[in-house]
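Reviewing the structure listed below.
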Amino acid sequence: QLDHGCALHTAARGGLSSVSPQDVLAERPRAVFHTSESDPAKHTEQHEGRLYSIPLEEVKAVFPHGLPYRFQQQIQTFNEARLMVRRPALELLTYLKSSNLAHPAVRYVIYGERGTGKTMTLCHVVHYCSRQGWLVLHIPDAHLWVKNCKELLQSSYNKDRLDQPLQASVWLRNFKISNERFLQEIKTQKKYTWGKRESTEEGRPLGEVVEQGLARVRSASDAVGVVLREIKQQSHRGSFRLLVAVDGVNALWGRTTLRKEDKSPVSPEELTLVHNLRKMVRNDWSGGAIVTTLSQTGSLFKPSSAYTPHELLGKEGFDALDPFVPIPVANYSPKEFESCYGYYLERKWLQHEKAHTEDGKAELQFLSGSNPRQLDRLAGPL
Amino acid sequence: TLRLICTTTAVQRKNARASGPEKYTEAFIKKQIEEFNLGKRHLANMMGEDPETFTQEDIDRAIAYLFPSGLFDKQARPMMKHPTEIFPEQRKIQWGEDGRPFHFLFYTGKQSYYSLMHETYEKFLNVQKHQDQLIAEDLPLQKEKRNLAGSRWLTKIELEEMLLEKLSDDDYSRFIQLLQKLVALPCADIEESYIQKFSKELPVQLQEVVIEPLQYDEQGKAFSTGEGKRKTARATAVVYDNGTGKITVNGADILHYFPVLQDREQLLFPFQFLGRIGKHDMVCTVSGGGRSAQAGAIRLASAKALRSFVTEKEVECMRQAGLLTVDPRVKERKKPGQEGPRRKFTWKKR
């Protein structure tokens with residue numbers, strides 16, 4: 001399979017200048033870090049520590065808003081998207097493959113220290129599910145909904161709650177890009193009134209609701225709520241499988257930095273988006289799975305050394321999410337570190353002369369502590 | 001008679017001029033010594049110790065205890081020493097009541113210097129005479145060379161202190177040349193005792209740094225400890241052999257304790273210098289100081305611990321690289337009349 005991978009790799013490179021014997025020799029060790037297996041469904045322990053590539057069109061379709069910023073920059077620089085296959089992701093994939101869809105949705109919480117690759121694991125799982133044809137509800141970062149919001153409108157649906165039109169419309173747009181075909185298939189089951197004149201009849205495709213939300217920004221949050229409710233109600237029928245992927249789920253139960261007009265603080269329940277999302281994350285529906293990530297980086301009012309579910313979710317969140325399957329993500333193992341380092345070398349990202357030596361590698365490993373984020377930041381200026 | 005109320009400027013100047021260093025009379029010195037001894041006994045009583053066996057060290061300790069001072073300069077702190085150490089030796093009056101000087105070389109101006117030169121030359125002639133005698137008797141000349149490498153001549157300042165009068169560089173160099181000529185003669189051993197008055201032993205070598213041998217813990221792993229400090233931070237490091245390069249600081253991982261890259265580079269430096277990055281494990285404790293100071297302290301401690309694992313040549317290399325030296329820089333004191341150690345207050349024209 002190695003040779004197969006190597007041959008595909010050289011072919012995929014597209015005929016570069018004449019392949020001299022040195023090129024062939026140099027490419028052989030390179031192929032160890034990569035696999036040509038671009039379907040996450042077929043990833044097994046053999047592929048652990050290797051990087052697989054996602055075609056760029058798929059990236060645009062599946063991840064309009066999910067990838068971390070630095071990774072997006074890396075994709076632009078290298079002109080390809082390479083994701084490392086790691087053990088937590090493989091574990092999650094096996095669980096998903098063997099999950100029984102008739103049972104209520106199982107919740108998975110990915111947790112770990114800062115910069116160990118939780119968001120990337122989530123993206124791996126999302127890619128798998130989208131390949132398998134699931135309906136993916138991907139919220140890139142729930143922290144964006146509880147802080148730095150410029151506009152807060154009082155919800156027309158429920159007087160106590162507050163709307164966030166901007167965030168809701170952004171999310172709806174991205175949702176539309178990622179799940180085009182589902183929006184035509186799923187039909188509404190109830191009649192929804194958006195105001196004095198607009199309303200959506202029963203049996204209309206969900207795409208119309210989304211269009212409505214995008215066109216009338218004021219009612220975008222309500223549109224989001226409608227979409228979520230419809231999807232939840234129809235998922236157990238079995239026509240499609242639903243994956244709820246939330247990054248930074250601890251934002252739903254913490255505090256917010258938003259204030260009402262009379263300067264009183266807003267608690268998360270008073271936000272429509274958060275309220276609806278909490279309903280999704282409850283496991284009272286079947287026919288899919290819920291995969292969430294804890295994130296300390298964007299979290300508010302939490303110490304920087306906190307990374308366990310208990311600390312970051314707080315009592316309320318923990319009770320709400322309980323029971324769940326915890327999946328810890330750790331720093332790079334030596335093998336994973338080697339493949340990441342090899343990848344940077346191969347793409348000529350490490351320009352420094354010393355970086356090519358064994359000593360340089362040992363130095364990088366020491367200074368980054370095998371932490372993926374630190375390694376990425378270190379390798380940047382080199 | 002009229003009293004001169006306003007004196008002329010010349011007289012005023014003479015009165016105001018400093019009359020040189022104060023002359024202490026012999027009686028004054030004697031009184032000081034008596035007072036010192038009495039004070040010593042009083043102090044011994046106060047501290048509850050035996051007045052008879054109260055040494056100078058005990059006095060120093062007692063004074064430091066009774067008058068604690070935070071001044072940096074040791075000479076500025078309160079001290080109680082024998083008057084001969086405090087009052088500098090001075091030349092007594094060189095002439096008698098009739099005005100006639102005691103020493104025959106008084107009118108040369110540098111009487112002790114010239115008398116010293118005369119004495120030394122006398123010894124020189126003595127040695128030459130002895131040598132001639134031995135040659136006449138055909139006896140073998142003694143050829144025991146003095147160890148010149150381990151001793152040095154007195155410096156000009158030390159010689160001035162000995163003679164109690166000022167010398168010029170030229171005088172000093174002439175004296176040293178004479179001494180060297182004397183020593184060069186084969187039979188100079190006769191005047192050995194005289195020569196030893198003017199030579200001093202050099203300290204043998206800079207403090208011999210003892211490199212501790214490796215210690216072994218229960219499982220047979222070799223380890224060694226080291227201590228280091230920087231500014232106000234103190235650190236101890238234990239470096240284990242056969243490791244993976246993992247470092248623990250105060251119970252936490254290095255990434256957690258030092259989020260800044262610069263500190264981690266400081267820790268990396270000793271290992272990188274010796275080329276042993278992934279080979280040792282380290283457990284260290286550190287307290288005090290700030291983030292940079294703690295990193296520097298751990299660096300010093302780990303370098304000291306690594307000495308036991310490494311050959312002597314590499315230890316010398318480390319020393320020259322500056323890995324084993326304590327960084328003497330500390331925070332400078334703020335001075336009165338200034339805003340900080342160097343910064344002056346804003347200057348306003350009016």
Side-chain angles (χ1 to χ4, degrees), chain A residues 70 111-118 294-297 299 302-308 311-312 328-338 340-342 344 350 352-382, chain B residues 235 237-284 286 291-292 294-296 298-303 305-306 309-310 314 317-318 321 323:
Chain A
R70 279 193 83 91
Y111 70 100
E113 312 216 327
R114 274 212 273 188
T116 48
K118 303 182 283 282
L294 293 180
S295 167
Q296 200 282 324
T297 338
S299 73
K302 287 276 187 279
S304 62
S305 54
Y307 72 96
T308 54
E311 282 166 8
L312 280 177
V329 178
N331 285 329
Y332 278 155
S333 68
K335 193 168 146 216
E336 287 169 345
F337 178 82
E338 297 237 357
C340 191
Y341 172 76
Y344 283 142
L350 299 169
H352 202 270
E353 326 70 57
K354 287 252 191 76
H356 297 272
T357 59
E358 274 295 317
D359 285 334
K361 185 160 110 177
E363 202 181 313
L364 278 175
Q365 190 169 18
F366 184 100
L367 285 177
S368 64
S370 298
N371 187 300
R373 180 186 283 174
Q374 290 294 327
L375 181 62
D376 180 42
R377 292 193 96 98
L378 263 182
L382 283 178
Chain B
V238 183
V239 176
Y240 294 93
D241 207 358
N242 290 341
T244 46
K246 205 164 96 88
I247 300 201
T248 318
V249 183
N250 277 359
D253 193 31
I254 169 180
L255 268 183
H256 286 253
Y257 202 79
F258 292 123
V260 182
L261 176 67
Q262 179 192 342
D263 303 333
R264 273 176 278 149
E265 277 180 352
Q266 288 285 301
L267 290 209
L268 172 72
F269 184 25
F271 297 100
Q272 190 193 28
F273 189 77
L274 298 170
R276 288 165 177 245
I277 300 186
K279 294 188 196 147
H280 296 285
D281 277 339
M282 187 158 82
V283 176
C284 28
V286 66
R291 152 203 114 190
S292 254
Q294 286 188 341
I298 300 181
R299 181 183 108 173
L300 183 60
S302 58
L306 279 172
F309 288 97
V310 146
E314 295 207 339
C317 283
M318 279 218 285
L323 273 170

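In what follows, chains carry the letters A, B, and so on, assigned in the order in which the sequence lines appear, proteins first and then strands, with residues in each chain numbered from 1.
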Straight-line distance of [X] [atom1] to [Y] [atom2], nearest 0.5 Å:
X        : Y        : atom1 : atom2 : result
B:Asp253 : A:Asn331 : CG    : CG    : 7.5 Å
B:Glu265 : A:Phe366 : CD    : CZ    : 10.5 Å
A:Arg373 : B:Leu255 : CZ    : CG    : 11.5 Å
A:Leu367 : B:Gln262 : CG    : CD    : 12.0 Å

For [X], which atoms come within 4.5 Å of any heavy atom of chain B: side chain, backbone, both, or neither?
X        : value
A:Glu113 : side chain
A:Gln374 : side chain
A:Ser368 : backbone

Between B:Thr244, B:Ile277, B:Leu261, B:Leu268, who has the most heavy-atom pairs with chain A when the cutoff is under 4.5 Å?
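Ranked by contacts with chain A, first place is B:Leu268.
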Check whether any side-chain heavy atom of A:Asp359 lies under 4.5 Å from a side-chain heavy atom of B:Gln272, and answer yes or no.
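No - every pair of side-chain heavy atoms lies 4.5 Å or more apart.
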Count the heavy atoms of every other residue, nucleotide or ligand shown that sit under 6.0 Å from CZ of A:Arg377, and state whether that count exceeds 12.
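At most 12 heavy atoms, drawn from other residues, nucleotides or ligands, come within 6.0 Å of this atom.
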Would one find more than 12 heavy atoms of other residues, nucleotides or ligands at under 6.0 Å from atom NZ of A:Lys335?
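Yes, enclosed.
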